[in-house]
Amino acid sequence: MPNHNPPFPIQVLVVDDSAVVRQVMQSILSQEPDMAVTVAADPLIAMNKMKQTRPHVVLLDLEMPRMDGLTFLRKIMTEDPIPTLVCSGVAGKGTDKALWAMDEGALGIVTKPRIGVSNFLHESAVMLIDMVRAAAGARIRRLSRSTVARPQSTLPLPQPRPRRPHISSRRVVAIGASTGGTEALTEILTAMPKDSPGIVIVQHMPEVFTAAFAQRLNQMSQIEVKEAEPGDLISPGRALIAPGNRHMSVTRHGEQFFVEIYDGPLISRHRPSVDVLFRSVAQAAGADGLGIILTGMGNDGAQGLLEMKKSGAETVAQDEASCVVFGMPKEAIACGAVDLVLPLSNIPATISAASRSVVRQEA
């Protein structure tokens, strides 16, 4: 089934027991000419409203009376799937539950405004609006009724890995993703062998959640996965994920590649920005880079990937059939930035081949 354009108007249902959050979300989204917003204080009220008007997007709180958000999300995704974004706090159980919601079919995470509309940063409003539009045009899947809910407890501690010295990667694999990207990245990184080339990633996700996402992937993968810190070395068997709300770039010192983390304005409507990462890899790694653009809305990464291609790097886009939203790959293909268009299932082998190509060249 091909991706479709967002409907007009986009019917948005905000489900949150906080009157302040409902008011902020409704005020921001209602200013958009292509959006119509309805609110509900809990899932039971929401279900009654959904019988009257089926929303195109649901913005869902997870901590609510009468029915919790995860139960409601599971009901939506098993009975009549609707693109859903989780509206979550940034600490404690809210972080874990938001990631569990992604397993249940949620497309993304929106951080709750802490205070009123006047103090909800313009940048946050821009990203909220973009996420709603992306969700409205997304491909979603129906969950099986037999899907077992993730237990309401913390994930087990990762199994200790043998300590090894970090040796700088000869290849730098740069990956950019947005809506639907958490699922795509999980499929890619859990398939990576221990000797995979060094990987750097921008996934559009709020701060705090990127650390929790990295920790989860670290537990599931053979390679090390961590939220990037300033000065981290890019090394084989390691994936570094840009922290939410911070840009990440790659620098080269001799034969070694490192990451830099810094503040700055939104680039291509995002922070972290895929364009920022890709452009830096083009400059630092040149033909030793491999650029991969995954599912997501908008054009973040398209121009950066083109710069990578011009620098001699191989470039890859996820194909439409396996994308949740075929926006970012489509824009990259349209501007001539892409060498290969591949289904998601073929991308891990392409990354592994990048490492083997270095071995062949050295031999």
For the backbone of Pro243 and the side chain of Thr210, can you confirm whether one donor and one acceptor N or O come within less than 3.5 Å of each other? no
Testing the basics here: between Val325 and Ala138, what is the closest heavy-atom pair and its distance to 0.1 Å? CG2-CB, 3.7 Å
Any side-chain donor-acceptor pair under 3.5 Å between Thr295 and Gln318? no
Heavy-atom closest pair, residues Phe213 and Thr186: CE1-OG1, 4.0 Å
So, the side chain of Ser88 versus the backbone of Ala98: is there a donor-acceptor pair under 3.5 Å, distance only? no
Let me check something: do Ile201 and Val276 share a hydrophobic cluster, defined by ILVMFWY side-chain heavy atoms less than 4.5 Å apart, either directly or through other members? no
For residues Phe209 and Thr111, determine if any side-chain heavy atom of one lies less than 4.5 Å from a side-chain heavy atom of the other. yes
For Met25, which of Val37, Val110, Val12, Val39 qualifies under side chain to side chain contact (heavy atoms under 4.5 Å, CB included)? Val110
I'd like to know if the side chain of Asn346 reaches the main chain of Pro343, judged simply by a donor and an acceptor atom lying under 3.5 Å from each other, with no hydrogens or angles considered. no
Note: Val259 and Ala228 closest approach over all heavy atoms is CG2-CB, 4.2 Å
Rounded distance [0.5 Å steps], CG in Leu344 versus CD in Glu183: 8.5 Å
Pro55 versus Met50: any side-chain heavy-atom pair under 4.5 Å? yes
side-chain contact (heavy atoms from CB on, under 4.5 Å) between Glu104 and Thr84, intermediate numbers included: CA-CA 10 Å; Glu104 300 290 349; Thr84 300; over 6 Å; no
Is there a side-chain contact between Leu294 and Ile347 in this structure, where contact means two heavy atoms from C-beta onward sitting under 4.5 Å apart? yes
If only atom types and distance count, is the side chain of Arg252 paired as donor or acceptor with the main-chain N or O of Gly254 below 3.5 Å? yes
For the residue pair Asp61 and Ser18, establish whether any side-chain heavy-atom pair is separated by less than 4.5 Å. no
Among Val316, Ile199, Val338, which one satisfies side chain to side chain contact (heavy atoms under 4.5 Å, CB included) with Ile292? Val316
Distance (rounded to the nearest 0.5 Å) between Gln11 CD and Lys49 NZ: 12.5 Å
Would you check if Leu290 and Val281 make a side-chain contact, meaning some heavy-atom pair closer than 4.5 Å? no
Would a 4.5 Å heavy-atom cut-off, applied to side chains only, mark Asp17 and Asp42 as touching? no
Do His204 and Asp300 have side-chain N/O donor and acceptor atoms under 3.5 Å apart? yes
Ignoring hydrogens and angles, tell me if any N or O in the side chain of Ser273 forms a donor-acceptor pair with the backbone of Asp275 under 3.5 Å. yes
Between Glu187 and Ser345, is the side-chain contact (heavy atoms from CB on, under 4.5 Å) condition met? List the steps. CA-CA 8 Å; Glu187 181 169 338; Ser345 58; 4.0 Å; yes
To the nearest 0.5 Å, what is the distance between CZ on Arg269 and CG on Asp130? 4.0 Å
Heavy-atom nearest pair, Gly296 first then Pro329, reads O-CD, 4.2 Å
Please round to the nearest 0.5 Å and tell me the distance separating atom CG of Leu73 and atom CE of Met67. 11.5 Å
Looking only at atom types and distance, does a side-chain atom of His247 sit under 3.5 Å from a main-chain N or O of Pro265, one as donor and one as acceptor? yes
Which is it for Gln303 and Glu331 under the side-chain contact (heavy atoms from CB on, under 4.5 Å) test, yes or no, and what are the steps along the way? CA-CA 9 Å; Gln303 290 301 312; Glu331 292 293 331; over 6 Å; no
For Lys75, look at atom NZ and say whether over 12 heavy atoms of other residues, nucleotides or ligands are found less than 6.0 Å away. no
Can you check whether Pro193's main-chain N or O pairs, donor with acceptor, with Ser196's side chain at less than 3.5 Å? yes
Verify same cluster id: Ile45, Val57 (apolar side-chain graph, 4.5 Å): no
Under 3.5 Å: donor-acceptor pair, side chain of Arg22, backbone of Asp16: yes
Run the salt-bridge test on Lys97 and Asp68 with the 4.0 Å N-O cut-off and return the result as yes or no. no
Is it possible for you to say whether Leu44 and Ile76 belong to one hydrophobic cluster, with membership spreading through side-chain heavy-atom contacts below 4.5 Å? yes
Close side-chain approach of Gln215 and Glu227, heavy atoms under 4.5 Å: no
Is the backbone N or O of Arg74 less than 3.5 Å from a side-chain atom of Thr78, with the two atoms forming a donor-acceptor pair by type? yes
List the steps and the verdict of side-chain contact (heavy atoms from CB on, under 4.5 Å) for Ile129 and Met35. CA-CA 9 Å; Ile129 291 163; Met35 295 186 190; 3.8 Å; yes
dist Thr38:OG1 -> Gln26:CD (nearest 0.5 Å) comes out at 7.5 Å
Can you find a pair of side-chain heavy atoms, one from Leu185 and one from Ile241, that are under 4.5 Å apart? no
On a heavy-atom basis, which atom in Ile261 and which in Pro230 lie closest, and how many Å separate them? CG1-N, 3.7 Å
Of all the heavy-atom pairs spanning Ile82 and Arg54, show the shortest one and how long it is. CG1-NH2, 3.4 Å
Is the number of heavy atoms from other residues, nucleotides or ligands under 6.0 Å of Lys309 NZ greater than 12? yes
Any chance you could measure Glu255, atom CD, to Asp288, atom CG, to the nearest 0.5 Å? 8.5 Å
Check for a donor-acceptor pair, side chain of Arg66 on one end and backbone N or O of Pro43 on the other, with a separation under 3.5 Å. no
According to a 4.5 Å side-chain heavy-atom criterion applied to Ile, Leu, Val, Met, Phe, Trp and Tyr, with indirect links allowed, do Met308 and Ile267 form part of one hydrophobic cluster? no
Verify same cluster id: Leu306, Ile333 (apolar side-chain graph, 4.5 Å): no
